[in-house]
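First comes the structure, then the notes that go with it.
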Protein chains: 2
Amino acid sequence: MSTSLGARTSLARRLAEDVRSRIMSGEYAPGERLPSEAELVRHYEVSRVTVRTALRTLEAQGLVDVRHGSGSFVSDFGAGIRAGLQELRSISDTIREMGHEPRMERHARQRRPATPGEAAKLGIAAGEDVLAVERMILADERAVAYSYDVVPLAGFPDELVEQLGAGSLFGTLDAAGLMPARALAEVHAISDETIGWGPQKPVPGLYVLLDQVHFSRRGSAVAHSRTYFVEGRFQFVVLRTN
Amino acid sequence: MSTSLGARTSLARRLAEDVRSRIMSGEYAPGERLPSEAELVRHYEVSRVTVRTALRTLEAQGLVDVRHGSGSFVSDFGAGIRAGLQELRSISDTIREMGHEPRMERHARQRRPATPGEAAKLGIAAGEDVLAVERMILADERAVAYSYDVVPLAGFPDELVEQLGAGSLFGTLDAAGLMPARALAEVHAISDETIGWGPQKPVPGLYVLLDQVHFSRRGSAVAHSRTYFVEGRFQFVVLRTN
DNA sequence: ATCTGTCAGTCGTCCTACAACTTCCGCGGA
DNA sequence: TCCGCGGAAGTTGTAGGACGACTGACAGAT
């Protein structure tokens with residue numbers, strides 16, 4: 001972690017990410033004491049300010065517990081956080097981190113004007129073009145969710161539009177410079193027989209619906225997605241802190 | 001915010017809490033720029049380190065967006081975060097913050113040995129005494145949730161046991177020095193006609209179940225609670241960040 | 001055995017200084 | 001007039017040093 005040159009993100013952020021990955025990988029076990037701030041300063045060759053900034057971030061995320069006069073400790077919730085709902089990551093990555101093999105199967109793909117409801121959620125004018133994609137999400141070839149994603153196309157690079165709905169939604173958005181940094185998700189319980197499709201369509205149709213609006217770092221809405229998770233096939237965990 | 005003496009919590013934490021409440025109250029509107037670090041230093045009469053520590057915390061919680069060279073901005077999600085699932089607070093407080101009047105109605109209260117499942121979740125020996133409380137949660141006299149709470153009684157002050165199930169669970173736990181600092185919550189969609197009771201029992205019985213284990217700051221489990229929120233009567237929002 | 005004071009280790013806060021980045025505004029040229 | 005460039009001012013990021021406050025452990029006294 002040298003003095004850096006063309007780093008596009010802050011030193012403290014990278015340090016936090018590094019420590020975070022070490023915690024996730026088990027290098028630092030839950031409950032274990034992290035190296036002291038002074039040791040981290042020597043190891044990473046950064047100032048104590050930077051170390052403390054990173055630790056603060058991890059503490060606010062619930063990953064570590066900083067105790068005055070005692071040290072910093074890895075929170076006991078590592079395993080739970082790994083699939084934590086408050087962490088914004090693609091469903092594929094989450095499935096992979098849980099030890100399963102993810103796969104997407106596209107069911108429909110359509111370019112059309114935004115409905116009034118979608119326009120309101122995305123903060124665009126009604127009738128603006130969007131791309132709507134319906135997909136089934138599988139883990140180890142088992143259907144775990146059905147997703148309905150909507151991406152506004154205004155200002156979206158033409159050559160990337162065709163990629164939308166092909167591979168990872170997050171990946172394509174990232175390539176377009178519209179990587180989601182935050183998402184506001186509503187949680188609902190839904191019982192509806194018209195949601196899913198295919199041979200694995202669940203009976204009865206009981207789902208946890210995640211109705212999300214994704215925002216870029218600058219605050220503009222980049223996608224609206226409704227994902228219906230088949231109840232019982234996907235574990236939702238939220239770490240709540242104060 | 002003077003130099004303080006008997007403060008049981010850190011200066012930076014209190015500062016973050018103060019700024020947070022100002023954001024919530026609308027004193028700083030979503031998207032608006034916060035005072036610069038230098039101005040906050042002057043206003044609160046603390047060092048810049050303390051100000052930055054507080055801002056880091058708020059940033060990690062998703063409430064503010066700190067931009068290098070530009071300033072700190074209130075995130076656009078203030079309204080959504082207010083009822084955010086990732087914020088650990090009592091249901092009563094959440095209902096109040098949403099502008100409704102909360103009320104609890106006790107349905108059952110029983111001291112009994114822990115079931116094996118409860119013992120496992122709470123990390124106690126099977127058969128240890130717990131207090132189980134069933135309650136209905138109302139907002140403006142409308143049933144919004146049914147809760148099943150379990151508190152292990154080992155090491156719990158006798159004089160406070162009778163308070164359990166009377167008023168706020170969080171309040172009693174706080175009085176016992178066991179204030180929950182974190183909770184790990186599982187989210188499920190549940191369709192079950194045997195859950196609720198009373199004249200407002202919903203038909204059909206569709207609920208969002210929050211299956212939570214509450215932990216004290218030191219990591220010991222202080223309560224297990226299953227809360228069945230009537231679908232549609234309570235808005236669940238999660239702010240997801242990366 | 002219990003209590004107490006000491007001490008080393010660690011985090012909390014403060015100060016000062018400078019680098020890096022953003023924004024804005026004015027100047028000059030087309 | 002319009003556009004583009006540069007620089008100044010303001011703001012956040014990082015560094016280094018200093019000291020206070022808290023914790024945990026240990027030795028000594030009771």
Side-chain angles (χ1 to χ4, degrees), chain A residues 1-19 28 31-60 63-75 177 181 216-220, chain B residues 1-19 28 31-60 63-75 177 181 216-220:
Chain A
M1 191 114 1
S2 65
T3 326
S4 86
L5 16 149
R8 63 185 224 310
T9 180
S10 80
L11 198 48
R13 227 183 275 274
R14 277 176 290 155
L15 205 170
E17 188 49 45
D18 187 85
V19 175
Y28 301 127
E32 187 184 336
R33 187 169 163 283
L34 286 178
S36 74
E37 297 181 356
E39 288 172 315
L40 291 173
V41 163
R42 281 194 296 275
H43 178 38
Y44 287 101
E45 295 181 348
V46 297
S47 78
R48 195 176 157 216
V49 173
T50 303
V51 168
R52 285 180 57 75
T53 300
L55 286 175
R56 255 318 146 221
T57 300
L58 294 172
E59 183 187 46
L63 265 91
V64 308
D65 186 14
V66 182
R67 300 179 196 163
H68 188 181
S70 178
S72 301
F73 298 77
V74 179
S75 157
S216 73
R217 187 155 296 283
R218 275 299 183 267
S220 63
Chain B
M1 191 106 13
S2 63
T3 325
S4 85
L5 16 150
R8 68 188 220 304
T9 180
S10 80
L11 198 48
R13 227 183 276 274
R14 278 177 288 155
L15 205 170
E17 187 50 45
D18 188 84
V19 174
Y28 301 128
E32 189 183 336
R33 187 168 161 282
L34 286 177
S36 73
E37 296 180 356
E39 287 172 314
L40 291 172
V41 163
R42 280 194 297 274
H43 178 38
Y44 288 102
E45 294 182 347
V46 298
S47 78
R48 196 176 153 216
V49 172
T50 302
V51 168
R52 285 180 58 74
T53 299
L55 286 176
R56 269 290 160 242
T57 301
L58 295 173
E59 183 186 44
L63 265 90
V64 306
D65 186 15
V66 182
R67 300 179 196 162
H68 188 181
S70 177
S72 301
F73 297 78
V74 179
S75 156
S216 73
R217 189 156 294 283
R218 276 298 183 267
S220 64

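Side-chain atoms are counted along with the backbone in the values below, which use heavy atoms only and exclude waters and symmetry mates. In what follows, chains are A, B, ... by sequence order, proteins preceding strands, each numbered from 1. All values reported here derive from a predicted model rather than from experimental measurement.
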Rounded to the nearest angstrom, tell me the gap between atom CZ in A:F73 and atom P in D:dC22. 17 Å

State whether the distance check finds a donor on one side and an acceptor on the other, under 3.5 Å, for side chain A:R48 versus base D:dG17. no

For B:S72, check side-chain hydrogen bond (donor to acceptor under 3.5 Å, both in side chains) against everything at least two apart and list the hits. none

According to a strict under-4.0 Å criterion, is B:R13 in side-chain N/O contact with OP1 or OP2 of C:dG12? no

Under 4.0 Å: is that the gap between some side-chain N or O of B:T50 and OP1 or OP2 of C:dC14? yes

Rounded to whole Å, the CZ-P distance (A:R42 to C:dG9) equals 11 Å

Could you tell me how far apart A:E37 (CD) and D:dA21 (C1') are, to the nearest whole angstrom? 14 Å

At less than 4.0 Å, is any side-chain N or O atom of B:S70 found next to OP1 or OP2 of D:dG10? Yes or no. no

Using every non-hydrogen atom in the two residues, find where A:V41 and A:V46 come nearest and quote the distance to one decimal. CG1-O, 3.1 Å

May I ask you to say what A:T53 touches in the nucleic acid, namely base, sugar-phosphate or nothing, with a heavy-atom cut-off under 4.0 Å? nothing

From C-beta outward on B:V49, which listed nucleotide comes closest to its side chain: C:dT10, C:dC14, C:dG12? C:dC14

From the candidates C:dC11, D:dT14, C:dT13, the one with an atom nearest any side-chain atom of B:S10 is C:dT13

Euclidean distance, atom CG of residue B:L15 to atom C1' of C:dC14 [Å, nearest integer]: 14 Å

Side-chain contact check for B:R56: nearest option of C:dT13, C:dC14, D:dG13 is D:dG13

So does A:H68 reach the base of D:dC22 with its side chain, donor to acceptor, closer than 3.5 Å? no

I need the CG-C1' distance between B:L11 and C:dC11, as an integer number of Å. 14 Å

By nearest heavy atom, map A:G69 and B:L34 onto DNA chain D; which one lands nearer the 5' end? B:L34

Regarding A:E59 and A:R52, does a basic nitrogen lie under 4.0 Å from an acidic carboxylate oxygen? no

From CG of B:L55 over to P of D:dT12, roughly how many Å is that when rounded to an integer? 8 Å

Any A:S47 side-chain nitrogen or oxygen under 4.0 Å from OP1 or OP2 of D:dA15: yes

Looking at B:R33, does any N or O in its side chain come under 4.0 Å of the phosphate oxygens OP1/OP2 on D:dT11? yes

Least distance between heavy atoms, B:R56 atom then A:T57 atom: CD-OG1, 3.8 Å

Under 4.0 Å from OP1 or OP2 of D:dT12: is there any side-chain N or O of B:R52 that close? no

How far apart are the closest heavy atoms of A:A54 and A:A16, and which atoms are they? CB-N, 3.8 Å

